[in-house]
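What follows is one structure encoded as structure tokens, with my remarks underneath.
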Amino acid sequence: MKKINDYFSKESHLQRSLREKEINKLNYSIRFLYINVFIYILITIVEYWLAKIGNSQALRADALNNLSGVISTGVLILGIKEATNVDDDDILGRDLPKENIRSKNSLQLSRFRLETVFTLMTSFIIILIAIQIIYSGIKGLLNLNNIENPNPISVLGASIATVLMLIVWFINYHNGKKLKNASLQAAAKDSLGDVVTSFSTMITVLISIALKVAFLDSAVSIVIGIFILWQGVVIFQEAALNLIDYVDPILEKNMRDDLKKIEEIHSVVDLTSRYNGNMLVVDIFVKVDADETAMSIYQLNKKIKDELYQKYDVYDVTVTTIPDL
């Protein structure tokens, strides 16, 4: 009985340690997301103001693109804050179990999914903004007689946006890679796209001014809108797959292959995994010798968990052993 208690105590300590590590990473990432919001707001205000002065539809579209960055990052911060708030005794207003500690830990772990839920919400916001940009661009093309050529002040707005977005991208990319944080890595992809759109806007405005081609400005705003729409769809796809427990089949195959190398395992009957936020959880069914004792199975479970934790940073493993008759 003492060994079982020691086992659960060690397992609980390890999971608590991993959970605290993930919470610290998420809380640390919020600092950089706040920097994102500040710069996005600054760019949006500057670009939108200069777009009105400079008569540039493309610059206005880029300003709305950066506005989507403000909204999506703000929603993501809210999601992370709720996901890391594990000290209270409820989740979104619903009580946690008071007696069953493992159930409580499981529900606390599920809280990390809230980060993904809020990411899914941001994808809808981005898609709606993209549709509005595309609509405005098409409307502009249908009324070419009323369109004025953009003036040089628009180039200034696009140039400022390009430089600031490069700074945002570097912050997100460097720290996302360092912390192995999905939120910052996703933000890095988004900000890299914003760098491209801001730079493209600058080139477009320059060409429109040089060649006096009024329709080019509206046409490029439609292209920017389509690009933003594509980004929203990609974010939606990744968040939705996470929520329906999709995990890369190659990762699962690698875990299976490594487990097959363990001498006591005759075969891996089934292996399924899922993400709670960034935390990977694995369920395994393995065949073992029918004469194995409870102690040897206990030691095998520990070996499996250590293997997957060390190699794949798996948060929790549930092992079910089946006698190989």
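As a basis for the values below, the full set of heavy atoms in this structure was taken, side chains included, without hydrogen atoms, waters or symmetry mates. None of these values were measured; they are calculated from a predicted model.
Considering every non-hydrogen atom in both S123 and I235, the closest pair reads CB-CG2, 3.9 Å. Across all their heavy atoms, G157 and L50 have their closest contact at CA-CD1, 3.3 Å. Scanning both residues, Y275 and Y246, for their nearest heavy atoms gives CD1-O, 4.3 Å. Shortest non-hydrogen contact noted between R256 and V269 is NH1-O, 4.3 Å.
A single hydrophobic cluster is seen to contain both L64 and V233, as judged by linkage of ILVMFWY side chains at heavy-atom distances under 4.5 Å, directly or through other members. The cluster map of Ile, Leu, Val, Met, Phe, Trp and Tyr, joined by side-chain heavy atoms under 4.5 Å apart, puts W49 and L164 in the same cluster. I134 and V234 fall into different hydrophobic clusters, where Ile, Leu, Val, Met, Phe, Trp and Tyr residues are linked whenever their side-chain heavy atoms come under 4.5 Å apart, directly or through other members. Criterion: ILVMFWY side-chain heavy atoms under 4.5 Å apart, direct or through other members. Under it, I207 and F199 are part of a common hydrophobic cluster. Hydrophobic clustering of Ile, Leu, Val, Met, Phe, Trp and Tyr side chains at less than 4.5 Å, counting indirect connections, keeps L59 apart from V163.
Within the model, atoms CG of L67 and OH of Y48 stand 9.5 Å from one another, a figure rounded to the nearest 0.5 Å. Summarising the geometry, atom CG belonging to D62 is positioned 10.5 Å from atom CZ belonging to F227; distances are rounded to the nearest 0.5 Å. Here CE of M165 is found 8.0 Å from CD1 of I39. Values are rounded to the nearest 0.5 Å. Rounded to the nearest 0.5 angstrom, F32 CZ and I77 CD1 are separated by 12.5 Å. Rounding to the nearest 0.5 angstrom, the gap separating the OG1 atom in T44 from the CG atom in N66 is 5.0 Å. The CD atom of Q237 sits 12.0 Å away from the CG atom of N242 when rounded to the nearest 0.5 Å.
A side-chain N or O of T293 and one of S296 form a donor-acceptor pair less than 3.5 Å apart.
The pair K261-D257 does not count as a salt bridge, with every side-chain nitrogen at least 4.0 angstrom from each carboxylate oxygen. A salt bridge is defined here as a Lys NZ or Arg NE, NH1 or NH2 lying under 4.0 Å from an Asp or Glu carboxylate O, and D270 with K287 fails to meet this definition.
Considering only heavy atoms from C-beta on, V288 comes within 4.5 Å of V286 through its side chain. Within the 4.5 Å cutoff, no side-chain heavy atoms of T272 are placed close to those of V282. Inter-residue side-chain proximity for V37 and I41 is flagged as met; some heavy-atom pair is nearer than 4.5 Å. Between I304 and L259 there is a side-chain heavy-atom pair separated by less than 4.5 Å. Counting heavy atoms from C-beta outward, H266 and D289 have side chains that approach closer than 4.5 Å. By the 4.5 Å heavy-atom criterion applied to side chains, V317 and V314 are counted as neighbours. No side-chain heavy atom of R31 sits less than 4.5 Å from a side-chain heavy atom of I35. The side-chain heavy atoms of L300 and E292, taken from C-beta on, include no pair separated by under 4.5 Å.
Atom OH of Y173 sits in a sparse spot, with 12 or fewer heavy atoms from other residues, nucleotides or ligands closer than 6.0 Å. Around the CD1 atom of I250, the shell of radius 6.0 Å holds no more than 12 heavy atoms that belong to other residues, nucleotides or ligands. Within 6.0 Å of the CZ atom in F170, the count of heavy atoms belonging to other residues, nucleotides or ligands does not exceed 12.
Every salt bridge (Lys or Arg N to Asp or Glu O under 4.0 Å) that K303 has, sequence neighbours left out, goes to E264. Among residues two or more places apart in sequence or in another chain, the side-chain hydrogen bond (donor to acceptor under 3.5 Å, both in side chains) test is passed with K311 by D258. A search for salt bridge (Lys or Arg N to Asp or Glu O under 4.0 Å) contacts involving D248 returns nothing, not counting sequence neighbours.
Side chain of S198 to main chain of V195: no donor-acceptor pair is present (N/O by atom type, distance under 3.5 Å, no hydrogens or angles). Side-chain atoms of Y312 come within 3.5 Å of backbone N or O of N254 as a donor-acceptor pair. Distance alone, capped at 3.5 Å, is enough to place a donor-acceptor pair between the E252 side chain and the S273 backbone.
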Apply side chain to side chain contact (heavy atoms under 4.5 Å, CB included) to residues I226 and V223 and explain how you reach the verdict. CA-CA 5 Å; I226 292 171; V223 174; 5.6 Å; no
With side chain to side chain contact (heavy atoms under 4.5 Å, CB included) as the criterion, how do L251 and L280 come out once you've worked through the C-alpha distance, each side chain's angles and the decisive distance to 0.1 Å? CA-CA 11 Å; L251 174 62; L280 184 60; 4.1 Å; yes
Derivation of the side chain to side chain contact (heavy atoms under 4.5 Å, CB included) call for D283 and L271: CA-CA 6 Å; D283 296 320; L271 184 150; over 6 Å; no
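Exactly one of I284, I265, N301 qualifies for a side chain to side chain contact (heavy atoms under 4.5 Å, CB included) with T321. That residue is N301.
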